[in-house]
There are 2 protein chains.
Amino acid sequence: MSNKPYHHGNLRNSLIEAGIELINQEGLKQLSLRKVAALCGVSQAAPYSHFQSKEDLLLAMQDYVTEQLMEVLNNAIKSCPNQNDPYVLIAMGKSYVMFFINHPHYFPFLFSQPCMEINLSLEANGTKNFPPFELLKTNFFRIFGENGMMKEKMEDIIIQLWATVHGLASIATMKYVHYDKDWETKIEDIIWNKYGVSSSAERGDA
Amino acid sequence: MSNKPYHHGNLRNSLIEAGIELINQEGLKQLSLRKVAALCGVSQAAPYSHFQSKEDLLLAMQDYVTEQLMEVLNNAIKSCPNQNDPYVLIAMGKSYVMFFINHPHYFPFLFSQPCMEINLSLEANGTKNFPPFELLKTNFFRIFGENGMMKEKMEDIIIQLWATVHGLASIATMKYVHYDKDWETKIEDIIWNKYGVSSSAERGDA
DNA sequence: CAACTAATCTTTACACTGTTAAGATTACGT
DNA sequence: ACGTAATCTTAACAGTGTAAAGATTAGTTG
(Lines give C-alpha, C1' and ligand atoms only; values in the text may rest on other atoms or scores of the structure.)
Protein backbone atom coordinates (compact mmCIF):
# COMPACT_ATOMS: atom_id res chain seq x y z
CA MET A 1 0.00 0.00 0.00
CA SER A 2 3.05 2.24 -0.22
CA ASN A 3 2.87 4.99 -2.78
CA LYS A 4 6.60 4.76 -3.24
CA PRO A 5 7.32 3.66 -6.77
CA TYR A 6 9.35 0.54 -7.36
CA HIS A 7 11.94 2.45 -9.30
CA HIS A 8 13.67 5.32 -7.58
CA GLY A 9 14.18 7.36 -10.70
CA ASN A 10 17.42 9.08 -9.80
CA LEU A 11 19.14 6.60 -7.57
CA ARG A 12 22.66 6.95 -8.91
CA ASN A 13 22.90 10.63 -8.13
CA SER A 14 21.02 10.24 -4.87
CA LEU A 15 23.50 7.62 -3.70
CA ILE A 16 26.39 9.92 -4.46
CA GLU A 17 24.84 12.85 -2.63
CA ALA A 18 23.70 10.78 0.33
CA GLY A 19 27.18 9.32 0.59
CA ILE A 20 28.73 12.75 0.62
CA GLU A 21 26.29 13.88 3.26
CA LEU A 22 27.32 10.92 5.41
CA ILE A 23 30.97 11.77 4.89
CA ASN A 24 30.37 15.31 6.04
CA GLN A 25 28.40 14.24 9.07
CA GLU A 26 30.19 11.15 10.33
CA GLY A 27 33.35 10.80 8.28
CA LEU A 28 34.65 8.14 5.97
CA LYS A 29 34.91 5.35 8.51
CA GLN A 30 31.26 5.52 9.43
CA LEU A 31 30.10 5.33 5.85
CA SER A 32 28.54 2.06 4.76
CA LEU A 33 26.78 1.11 1.58
CA ARG A 34 23.78 -0.06 3.56
CA LYS A 35 23.42 3.27 5.35
CA VAL A 36 23.62 5.11 2.06
CA ALA A 37 21.01 2.82 0.54
CA ALA A 38 18.75 3.28 3.56
CA LEU A 39 19.14 7.06 3.31
CA CYS A 40 17.84 6.79 -0.24
CA GLY A 41 14.94 4.60 0.90
CA VAL A 42 16.14 1.66 -1.08
CA SER A 43 17.23 -1.89 -0.33
CA GLN A 44 20.78 -2.85 0.55
CA ALA A 45 21.59 -4.39 -2.81
CA ALA A 46 20.07 -1.66 -4.95
CA PRO A 47 23.34 0.29 -5.28
CA TYR A 48 24.81 -2.63 -7.17
CA SER A 49 22.63 -1.75 -10.14
CA HIS A 50 24.59 1.49 -10.45
CA PHE A 51 28.01 0.76 -8.98
CA GLN A 52 30.16 -2.32 -9.17
CA SER A 53 31.30 -2.01 -5.59
CA LYS A 54 31.50 0.31 -2.62
CA GLU A 55 34.84 1.54 -3.92
CA ASP A 56 33.20 2.35 -7.22
CA LEU A 57 30.67 4.55 -5.45
CA LEU A 58 33.46 6.20 -3.50
CA LEU A 59 35.24 7.01 -6.76
CA ALA A 60 32.11 8.67 -8.10
CA MET A 61 31.79 10.61 -4.87
CA GLN A 62 35.40 11.71 -5.21
CA ASP A 63 34.65 13.02 -8.69
CA TYR A 64 31.71 14.91 -7.26
CA VAL A 65 33.74 16.52 -4.49
CA THR A 66 36.61 17.25 -6.85
CA GLU A 67 34.18 19.10 -9.07
CA GLN A 68 33.16 21.27 -6.13
CA LEU A 69 36.79 21.99 -5.38
CA MET A 70 37.37 22.93 -9.02
CA GLU A 71 34.55 25.45 -8.82
CA VAL A 72 36.06 27.02 -5.73
CA LEU A 73 39.47 27.23 -7.37
CA ASN A 74 38.12 28.67 -10.61
CA ASN A 75 36.19 31.29 -8.66
CA ALA A 76 39.37 32.21 -6.82
CA ILE A 77 41.16 32.70 -10.11
CA LYS A 78 38.36 34.77 -11.58
CA SER A 79 38.25 37.06 -8.56
CA CYS A 80 41.86 38.10 -9.10
CA PRO A 81 42.19 41.53 -10.72
CA ASN A 82 45.14 40.49 -12.87
CA GLN A 83 45.08 36.95 -14.22
CA ASN A 84 48.79 37.04 -14.97
CA ASP A 85 49.93 38.09 -11.54
CA PRO A 86 51.60 35.39 -9.45
CA TYR A 87 49.05 36.18 -6.77
CA VAL A 88 46.66 34.00 -8.74
CA LEU A 89 48.61 31.02 -7.47
CA ILE A 90 48.41 32.24 -3.89
CA ALA A 91 44.67 32.75 -4.23
CA MET A 92 44.34 29.21 -5.51
CA GLY A 93 46.35 27.85 -2.62
CA LYS A 94 44.33 29.80 -0.10
CA SER A 95 41.09 28.51 -1.55
CA TYR A 96 42.46 24.99 -1.63
CA VAL A 97 43.24 25.04 2.08
CA MET A 98 40.01 26.78 3.04
CA PHE A 99 37.99 24.28 1.06
CA PHE A 100 39.26 21.46 3.22
CA ILE A 101 39.01 23.49 6.42
CA ASN A 102 35.37 24.08 5.58
CA HIS A 103 34.86 20.36 4.90
CA PRO A 104 37.38 18.58 7.12
CA HIS A 105 36.21 15.10 6.22
CA TYR A 106 36.92 15.68 2.54
CA PHE A 107 40.68 15.55 3.00
CA PRO A 108 41.05 11.99 4.24
CA PHE A 109 38.23 11.02 1.93
CA LEU A 110 39.98 12.31 -1.16
CA PHE A 111 43.55 11.39 -0.35
CA SER A 112 43.74 8.47 2.06
CA GLN A 113 42.61 5.98 -0.51
CA PRO A 114 43.21 5.37 -4.19
CA CYS A 115 42.14 8.53 -5.94
CA MET A 116 42.85 9.79 -9.39
CA GLU A 117 46.17 9.75 -11.12
CA ILE A 118 48.57 12.51 -10.24
CA ASN A 119 51.27 13.44 -12.68
CA LEU A 120 53.92 15.75 -11.34
CA SER A 121 55.55 16.52 -14.65
CA LEU A 122 54.58 19.79 -16.24
CA GLU A 123 53.49 18.66 -19.66
CA ALA A 124 51.41 15.62 -18.74
CA ASN A 125 47.90 16.96 -18.71
CA GLY A 126 45.94 13.74 -19.12
CA THR A 127 42.25 13.54 -18.61
CA LYS A 128 42.35 11.05 -15.74
CA ASN A 129 44.65 13.26 -13.70
CA PHE A 130 43.60 15.06 -10.53
CA PRO A 131 42.05 18.22 -12.00
CA PRO A 132 42.97 20.70 -9.23
CA PHE A 133 46.66 19.99 -9.68
CA GLU A 134 46.33 20.21 -13.45
CA LEU A 135 44.69 23.59 -12.97
CA LEU A 136 47.59 24.74 -10.84
CA LYS A 137 50.07 23.60 -13.47
CA THR A 138 48.16 25.31 -16.24
CA ASN A 139 48.01 28.61 -14.42
CA PHE A 140 51.60 28.48 -13.33
CA PHE A 141 52.71 27.84 -16.87
CA ARG A 142 50.60 30.68 -18.16
CA ILE A 143 52.10 33.08 -15.65
CA PHE A 144 55.74 31.98 -15.62
CA GLY A 145 56.17 29.87 -18.70
CA GLU A 146 56.43 32.54 -21.35
CA ASN A 147 59.70 34.05 -20.27
CA GLY A 148 62.22 31.31 -20.43
CA MET A 149 62.18 29.75 -17.03
CA MET A 150 63.50 26.24 -17.40
CA LYS A 151 60.90 23.51 -17.33
CA GLU A 152 62.56 21.52 -14.60
CA LYS A 153 62.75 24.56 -12.39
CA MET A 154 59.08 25.26 -12.95
CA GLU A 155 58.26 21.69 -12.01
CA ASP A 156 60.19 22.05 -8.79
CA ILE A 157 58.42 25.26 -7.86
CA ILE A 158 55.02 23.82 -8.64
CA ILE A 159 55.69 20.77 -6.52
CA GLN A 160 56.92 22.94 -3.68
CA LEU A 161 53.90 25.18 -3.91
CA TRP A 162 51.44 22.34 -3.98
CA ALA A 163 53.25 20.46 -1.23
CA THR A 164 53.04 23.51 1.03
CA VAL A 165 49.40 24.11 0.30
CA HIS A 166 48.46 20.45 0.46
CA GLY A 167 50.45 20.01 3.68
CA LEU A 168 48.70 23.01 5.23
CA ALA A 169 45.36 21.47 4.36
CA SER A 170 46.45 18.18 5.86
CA ILE A 171 47.65 19.76 9.08
CA ALA A 172 44.77 22.18 9.44
CA THR A 173 42.19 19.41 9.09
CA MET A 174 43.77 17.02 11.56
CA LYS A 175 41.38 16.10 14.27
CA TYR A 176 43.48 16.89 17.29
CA VAL A 177 45.39 19.92 16.06
CA HIS A 178 45.47 23.01 18.24
CA TYR A 179 46.02 26.42 16.72
CA ASP A 180 45.04 29.62 18.42
CA LYS A 181 45.41 31.77 15.32
CA ASP A 182 42.85 32.10 12.54
CA TRP A 183 43.80 29.97 9.58
CA GLU A 184 42.18 32.18 6.98
CA THR A 185 44.32 35.15 7.92
CA LYS A 186 47.47 33.08 8.31
CA ILE A 187 47.42 30.87 5.24
CA GLU A 188 48.38 33.60 2.85
CA ASP A 189 51.44 34.66 4.84
CA ILE A 190 52.61 31.08 5.05
CA ILE A 191 52.11 30.31 1.38
CA TRP A 192 53.70 33.55 0.25
CA ASN A 193 56.90 32.08 1.37
CA LYS A 194 58.53 35.40 2.17
CA TYR A 195 60.41 33.79 4.92
CA GLY A 196 61.63 30.26 4.87
CA VAL A 197 64.48 28.34 6.38
CA SER A 198 67.08 29.10 3.79
CA SER A 199 66.14 32.71 3.16
CA SER A 200 65.95 33.43 6.88
CA ALA A 201 69.41 32.00 7.32
CA GLU A 202 70.88 33.71 4.31
CA ARG A 203 69.36 37.07 5.02
CA GLY A 204 70.12 36.77 8.70
CA ASP A 205 66.50 37.49 9.41
CA ALA A 206 66.82 36.39 12.96
CA MET B 1 48.19 -32.52 22.43
CA SER B 2 49.58 -29.20 21.32
CA ASN B 3 52.76 -28.08 22.98
CA LYS B 4 51.68 -24.50 22.57
CA PRO B 5 51.24 -23.01 26.02
CA TYR B 6 47.89 -21.56 26.97
CA HIS B 7 49.43 -18.19 27.62
CA HIS B 8 51.30 -16.50 24.84
CA GLY B 9 53.78 -14.76 27.07
CA ASN B 10 54.35 -11.62 25.02
CA LEU B 11 51.07 -11.14 23.25
CA ARG B 12 50.76 -7.39 23.62
CA ASN B 13 54.00 -6.66 21.80
CA SER B 14 53.39 -9.43 19.30
CA LEU B 15 50.03 -7.95 18.37
CA ILE B 16 51.60 -4.55 17.79
CA GLU B 17 54.36 -5.95 15.62
CA ALA B 18 52.07 -8.28 13.69
CA GLY B 19 49.72 -5.40 13.07
CA ILE B 20 52.53 -3.25 11.73
CA GLU B 21 53.66 -6.07 9.50
CA LEU B 22 50.14 -6.31 8.10
CA ILE B 23 50.08 -2.56 7.53
CA ASN B 24 53.32 -2.74 5.60
CA GLN B 25 52.18 -5.66 3.50
CA GLU B 26 48.54 -4.96 2.79
CA GLY B 27 47.81 -1.49 4.09
CA LEU B 28 45.48 -0.14 6.71
CA LYS B 29 42.23 -1.16 5.07
CA GLN B 30 43.15 -4.84 4.97
CA LEU B 31 44.07 -4.94 8.64
CA SER B 32 41.64 -6.73 10.92
CA LEU B 33 41.90 -7.67 14.55
CA ARG B 34 41.15 -11.28 13.69
CA LYS B 35 43.99 -11.45 11.17
CA VAL B 36 46.39 -9.96 13.69
CA ALA B 37 45.25 -12.44 16.32
CA ALA B 38 45.63 -15.32 13.87
CA LEU B 39 49.12 -14.16 12.97
CA CYS B 40 49.99 -14.42 16.66
CA GLY B 41 48.44 -17.87 16.86
CA VAL B 42 45.79 -16.77 19.25
CA SER B 43 42.02 -16.64 19.30
CA GLN B 44 39.99 -13.75 17.95
CA ALA B 45 39.06 -12.33 21.34
CA ALA B 46 42.48 -12.63 22.91
CA PRO B 47 43.53 -9.08 21.94
CA TYR B 48 40.81 -7.75 24.21
CA SER B 49 42.87 -8.77 27.21
CA HIS B 50 45.45 -6.21 26.16
CA PHE B 51 43.55 -3.56 24.21
CA GLN B 52 40.14 -2.09 24.79
CA SER B 53 39.33 -2.00 21.10
CA LYS B 54 40.81 -2.21 17.63
CA GLU B 55 41.36 1.53 17.75
CA ASP B 56 43.28 1.11 20.96
CA LEU B 57 45.63 -1.34 19.26
CA LEU B 58 46.02 1.05 16.36
CA LEU B 59 47.02 3.80 18.77
CA ALA B 60 49.70 1.58 20.26
CA MET B 61 50.90 0.75 16.76
CA GLN B 62 51.05 4.46 15.98
CA ASP B 63 53.24 4.99 19.03
CA TYR B 64 55.50 2.21 17.82
CA VAL B 65 55.86 3.66 14.32
CA THR B 66 56.29 7.17 15.70
CA GLU B 67 59.15 5.87 17.79
CA GLN B 68 60.83 4.51 14.65
CA LEU B 69 60.37 7.87 12.96
CA MET B 70 61.89 9.64 15.95
CA GLU B 71 64.97 7.43 15.70
CA VAL B 72 65.37 8.30 12.04
CA LEU B 73 65.01 12.01 12.77
CA ASN B 74 67.42 11.94 15.68
CA ASN B 75 69.97 10.13 13.55
CA ALA B 76 69.57 12.78 10.88
CA ILE B 77 70.28 15.48 13.43
CA LYS B 78 73.28 13.69 14.82
CA SER B 79 74.81 13.21 11.39
CA CYS B 80 74.94 16.96 10.80
CA PRO B 81 78.42 18.42 11.30
CA ASN B 82 77.13 21.58 12.94
CA GLN B 83 74.12 21.19 15.21
CA ASN B 84 73.37 24.90 15.08
CA ASP B 85 73.31 25.23 11.32
CA PRO B 86 69.85 25.65 9.76
CA TYR B 87 70.70 22.66 7.59
CA VAL B 88 69.72 20.52 10.56
CA LEU B 89 66.13 21.40 9.79
CA ILE B 90 66.54 20.44 6.14
CA ALA B 91 68.10 17.14 7.14
CA MET B 92 65.16 16.46 9.40
CA GLY B 93 62.71 17.26 6.64
CA LYS B 94 64.53 15.06 4.19
CA SER B 95 64.51 12.15 6.62
CA TYR B 96 60.86 12.75 7.38
CA VAL B 97 59.89 12.45 3.73
CA MET B 98 62.18 9.50 3.04
CA PHE B 99 60.81 7.66 6.05
CA PHE B 100 57.34 7.67 4.52
CA ILE B 101 58.62 6.95 1.03
CA ASN B 102 60.33 3.89 2.45
CA HIS B 103 57.13 2.85 4.24
CA PRO B 104 54.30 4.22 2.11
CA HIS B 105 51.54 2.67 4.18
CA TYR B 106 52.70 4.48 7.30
CA PHE B 107 51.48 7.86 6.07
CA PRO B 108 47.76 7.12 5.82
CA PHE B 109 48.10 4.94 8.87
CA LEU B 110 49.52 7.72 11.02
CA PHE B 111 47.52 10.64 9.73
CA SER B 112 44.21 9.55 8.26
CA GLN B 113 42.73 8.71 11.60
CA PRO B 114 42.80 10.14 15.09
CA CYS B 115 46.43 10.28 16.07
CA MET B 116 48.18 12.19 18.78
CA GLU B 117 47.64 15.77 19.67
CA ILE B 118 49.37 18.34 17.57
CA ASN B 119 50.06 21.74 19.01
CA LEU B 120 51.22 24.32 16.53
CA SER B 121 52.23 26.94 19.06
CA LEU B 122 55.90 27.14 19.83
CA GLU B 123 55.91 26.86 23.59
CA ALA B 124 53.44 24.02 24.05
CA ASN B 125 55.62 20.99 24.45
CA GLY B 126 53.17 18.63 26.09
CA THR B 127 53.85 14.98 26.52
CA LYS B 128 50.89 13.76 24.49
CA ASN B 129 51.88 15.81 21.46
CA PHE B 130 53.16 14.31 18.21
CA PRO B 131 56.87 13.91 19.04
CA PRO B 132 58.34 14.51 15.55
CA PHE B 133 56.78 17.94 15.37
CA GLU B 134 57.90 18.72 18.90
CA LEU B 135 61.41 17.74 17.85
CA LEU B 136 61.23 20.11 14.92
CA LYS B 137 60.08 22.95 17.14
CA THR B 138 62.80 22.27 19.69
CA ASN B 139 65.55 22.29 17.09
CA PHE B 140 64.21 25.33 15.31
CA PHE B 141 64.08 27.24 18.55
CA ARG B 142 67.60 26.21 19.44
CA ILE B 143 68.91 27.40 16.07
CA PHE B 144 66.89 30.57 15.56
CA GLY B 145 65.47 31.41 18.95
CA GLU B 146 68.46 32.94 20.62
CA ASN B 147 68.76 36.04 18.49
CA GLY B 148 65.54 37.88 18.86
CA MET B 149 63.36 36.54 16.11
CA MET B 150 59.79 37.18 17.16
CA LYS B 151 57.93 34.17 18.44
CA GLU B 152 55.01 34.55 16.08
CA LYS B 153 57.32 34.72 13.11
CA MET B 154 59.09 31.58 14.24
CA GLU B 155 55.78 29.83 14.54
CA ASP B 156 54.88 30.81 11.01
CA ILE B 157 58.16 29.53 9.62
CA ILE B 158 57.90 26.26 11.49
CA ILE B 159 54.40 25.67 10.23
CA GLN B 160 55.47 26.48 6.70
CA LEU B 161 58.45 24.17 6.94
CA TRP B 162 56.47 21.29 8.35
CA ALA B 163 53.62 21.84 5.89
CA THR B 164 56.04 21.63 2.99
CA VAL B 165 57.74 18.54 4.30
CA HIS B 166 54.52 16.87 5.36
CA GLY B 167 52.88 17.73 2.05
CA LEU B 168 55.83 16.29 0.15
CA ALA B 169 55.47 13.07 2.11
CA SER B 170 51.76 13.00 1.40
CA ILE B 171 52.23 13.55 -2.31
CA ALA B 172 55.19 11.24 -2.70
CA THR B 173 53.37 8.36 -1.04
CA MET B 174 50.16 8.67 -3.02
CA LYS B 175 49.35 5.46 -4.79
CA TYR B 176 48.84 6.78 -8.28
CA VAL B 177 51.45 9.51 -8.39
CA HIS B 178 53.86 9.61 -11.31
CA TYR B 179 57.23 11.26 -10.95
CA ASP B 180 60.12 10.52 -13.24
CA LYS B 181 62.72 12.15 -11.00
CA ASP B 182 64.32 10.62 -7.94
CA TRP B 183 62.72 11.91 -4.79
CA GLU B 184 65.79 11.56 -2.63
CA THR B 185 67.79 13.92 -4.80
CA LYS B 186 64.91 16.34 -5.27
CA ILE B 187 63.51 16.69 -1.77
CA GLU B 188 66.36 18.84 -0.52
CA ASP B 189 66.07 21.37 -3.34
CA ILE B 190 62.37 21.67 -2.78
CA ILE B 191 62.60 22.07 0.97
CA TRP B 192 65.46 24.53 0.75
CA ASN B 193 62.97 26.92 -0.58
CA LYS B 194 65.49 28.86 -2.65
CA TYR B 195 62.87 29.55 -5.17
CA GLY B 196 59.22 29.98 -4.41
CA VAL B 197 56.33 31.84 -5.88
CA SER B 198 56.91 35.15 -4.21
CA SER B 199 60.67 35.17 -4.43
CA SER B 200 60.56 34.13 -8.08
CA ALA B 201 58.21 36.94 -8.83
CA GLU B 202 60.09 39.54 -6.82
CA ARG B 203 63.48 38.57 -8.10
CA GLY B 204 62.23 38.22 -11.61
CA ASP B 205 63.69 34.77 -11.73
CA ALA B 206 61.75 33.91 -14.81
C1' DC C 1 53.24 -25.77 49.81
C1' DA C 2 48.13 -24.71 49.34
C1' DA C 3 44.67 -21.65 48.10
C1' DC C 4 42.85 -17.65 46.48
C1' DT C 5 42.89 -13.89 43.06
C1' DA C 6 43.74 -11.74 38.93
C1' DA C 7 45.41 -12.03 34.38
C1' DT C 8 45.15 -14.28 30.19
C1' DC C 9 43.02 -16.93 26.70
C1' DT C 10 38.97 -19.76 24.27
C1' DT C 11 34.42 -20.51 22.84
C1' DT C 12 30.22 -18.79 21.55
C1' DA C 13 27.26 -15.42 20.01
C1' DC C 14 25.44 -11.03 17.99
C1' DA C 15 25.00 -7.12 15.04
C1' DC C 16 26.90 -5.05 11.17
C1' DT C 17 29.50 -5.03 6.83
C1' DG C 18 30.29 -5.88 1.48
C1' DT C 19 28.75 -8.79 -1.94
C1' DT C 20 26.32 -12.33 -4.71
C1' DA C 21 22.37 -15.02 -6.57
C1' DA C 22 17.71 -15.45 -7.59
C1' DG C 23 13.72 -13.52 -8.67
C1' DA C 24 10.18 -9.52 -8.84
C1' DT C 25 8.84 -5.19 -10.98
C1' DT C 26 8.88 -1.80 -14.39
C1' DA C 27 10.59 1.06 -18.39
C1' DC C 28 11.46 1.07 -23.13
C1' DG C 29 12.16 -0.05 -27.90
C1' DT C 30 10.28 -2.82 -31.68
C1' DA D 1 1.52 -5.69 -27.40
C1' DC D 2 5.35 -7.99 -26.44
C1' DG D 3 10.01 -8.99 -25.18
C1' DT D 4 14.23 -7.37 -23.47
C1' DA D 5 16.96 -4.89 -20.46
C1' DA D 6 17.23 -2.02 -16.54
C1' DT D 7 16.14 -1.56 -11.92
C1' DC D 8 14.95 -3.06 -7.48
C1' DT D 9 13.93 -6.70 -3.45
C1' DT D 10 14.75 -10.63 -0.70
C1' DA D 11 17.73 -14.02 1.07
C1' DA D 12 22.04 -15.70 1.96
C1' DC D 13 27.21 -15.96 2.90
C1' DA D 14 31.67 -14.83 4.64
C1' DG D 15 34.15 -11.48 7.20
C1' DT D 16 34.24 -7.87 10.72
C1' DG D 17 34.37 -5.72 15.76
C1' DT D 18 33.00 -6.80 20.16
C1' DA D 19 30.73 -8.63 24.39
C1' DA D 20 29.65 -12.53 27.69
C1' DA D 21 30.79 -16.65 29.89
C1' DG D 22 33.87 -19.75 31.18
C1' DA D 23 38.57 -22.30 31.04
C1' DT D 24 43.45 -22.12 32.08
C1' DT D 25 47.36 -20.42 34.25
C1' DA D 26 50.43 -16.97 36.77
C1' DG D 27 51.27 -14.69 40.94
C1' DT D 28 50.59 -13.62 45.54
C1' DT D 29 49.49 -14.52 50.13
C1' DG D 30 48.66 -17.46 54.18
Side-chain angles (χ1 to χ4, degrees), chain A residues 1-62 105 108-109 112-115 175, chain B residues 1-62 105 108-109 112-115 175:
Chain A
M1 199 46 81
S2 76
N3 48 3
K4 182 179 66 123
Y6 190 90
H7 287 93
H8 181 285
N10 194 23
L11 185 53
R12 204 192 125 94
N13 286 338
S14 296
L15 289 168
I16 292 175
E17 286 167 9
I20 288 175
E21 198 156 324
L22 264 181
I23 292 260
N24 274 313
Q25 285 170 5
E26 313 182 17
L28 180 58
K29 280 189 70 178
Q30 306 299 323
L31 181 145
S32 78
L33 256 184
R34 291 164 113 104
K35 279 189 199 169
V36 176
L39 268 181
C40 296
V42 112
S43 85
Q44 64 198 234
Y48 286 90
S49 294
H50 301 274
F51 301 99
Q52 282 188 340
S53 63
K54 180 187 182 182
E55 181 144 345
D56 198 26
L57 169 60
L58 290 176
L59 288 177
M61 288 164 52
Q62 285 183 336
H105 290 298
F109 166 56
S112 79
Q113 63 188 134
C115 63
K175 202 172 178 184
Chain B
M1 199 46 82
S2 76
N3 49 2
K4 182 179 68 121
Y6 190 90
H7 287 92
H8 181 283
N10 194 22
L11 185 54
R12 202 191 127 93
N13 286 338
S14 295
L15 289 168
I16 292 175
E17 285 168 10
I20 288 176
E21 199 158 323
L22 264 182
I23 292 260
N24 273 314
Q25 285 170 5
E26 314 182 17
L28 180 59
K29 280 189 67 176
Q30 306 299 322
L31 181 146
S32 78
L33 256 183
R34 291 162 113 105
K35 279 189 200 169
V36 176
L39 267 181
C40 295
V42 112
S43 87
Q44 64 198 233
Y48 286 89
S49 293
H50 300 273
F51 301 99
Q52 282 189 339
S53 63
K54 181 187 181 183
E55 181 145 343
D56 198 27
L57 168 60
L58 289 177
L59 288 177
M61 288 165 53
Q62 285 182 338
H105 289 298
F109 166 56
S112 80
Q113 62 189 135
C115 63
K175 203 172 179 186

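The shown structure was predicted, so the numbers you read here are calculated from the model rather than taken from an experiment. Hydrogens, waters and symmetry mates play no part in the numbers below; they use all other heavy atoms, side chains included. Lettering follows sequence order; numbering is per chain, from 1.
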Round to the nearest Å and state the distance from [X] atom [atom1] to [N] atom [atom2].
| X | N | atom1 | atom2 | result |
| --- | --- | --- | --- | --- |
| A:His8 | C:dA27 | NE2 | C1' | 16 Å |
| B:Arg34 | C:dA15 | CZ | P | 15 Å |
| A:Phe51 | D:dC8 | CZ | C1' | 15 Å |
| A:Leu33 | D:dT16 | CG | P | 17 Å |
| B:Tyr48 | D:dG17 | OH | P | 7 Å |
| A:Leu11 | D:dT9 | CG | C1' | 13 Å |
| B:Gln44 | C:dC9 | CD | P | 15 Å |
| B:Gln52 | D:dT18 | CD | C1' | 12 Å |

Could you work out which one of [options] sits closest to the side chain of [X]?
| X | options | result |
| --- | --- | --- |
| B:His50 | D:dT9, C:dT17, C:dC9 | C:dC9 |
| A:Lys54 | C:dT19, D:dC8, C:dC9 | C:dT19 |
| B:Ser43 | C:dC9, C:dG18, C:dA13 | C:dC9 |
| A:Lys35 | D:dG17, C:dT17, D:dT9 | C:dT17 |

Once you round to the nearest 0.5 Å, how far does CD1 of A:Ile23 lie from NZ of A:Lys29?
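Answer rounded to 0.5 Å: 13.0 Å.
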
When rounded to the nearest 0.5 angstrom, what distance separates CZ in A:Arg12 from SG in A:Cys40?
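With rounding to 0.5 Å, CZ (A:Arg12) is 12.5 Å from SG (A:Cys40).
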
Contact nearer the 5' end of DNA chain C, comparing B:Pro47 with A:Gln30
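Result of the comparison: B:Pro47.
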
Does the side chain of B:Ser49 get closer than 4.0 angstrom to OP1 or OP2 of C:dC9 through an N or O atom?
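False: B:Ser49 side-chain N/O out of range (4.0 Å or more) of C:dC9 OP1/OP2.
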
Does atom CD of B:Gln52 have more than 12 heavy-atom neighbours from other groups under 6.0 Å away?
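Counting neighbours around CD of B:Gln52, 12 or fewer heavy atoms of other residues, nucleotides or ligands fall under 6.0 Å, so no.
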
Report yes if the side chains of B:Ser49 and B:Leu11 come closer than 4.5 Å at any heavy-atom pair, otherwise no.
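Answer no - side chains too far apart.
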
Beyond-backbone contact of A:Leu58 with A:Phe109, side-chain heavy atoms, under 4.5 angstrom
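Side chain of A:Leu58 against side chain of A:Phe109, heavy atoms only: contact under 4.5 Å found.
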
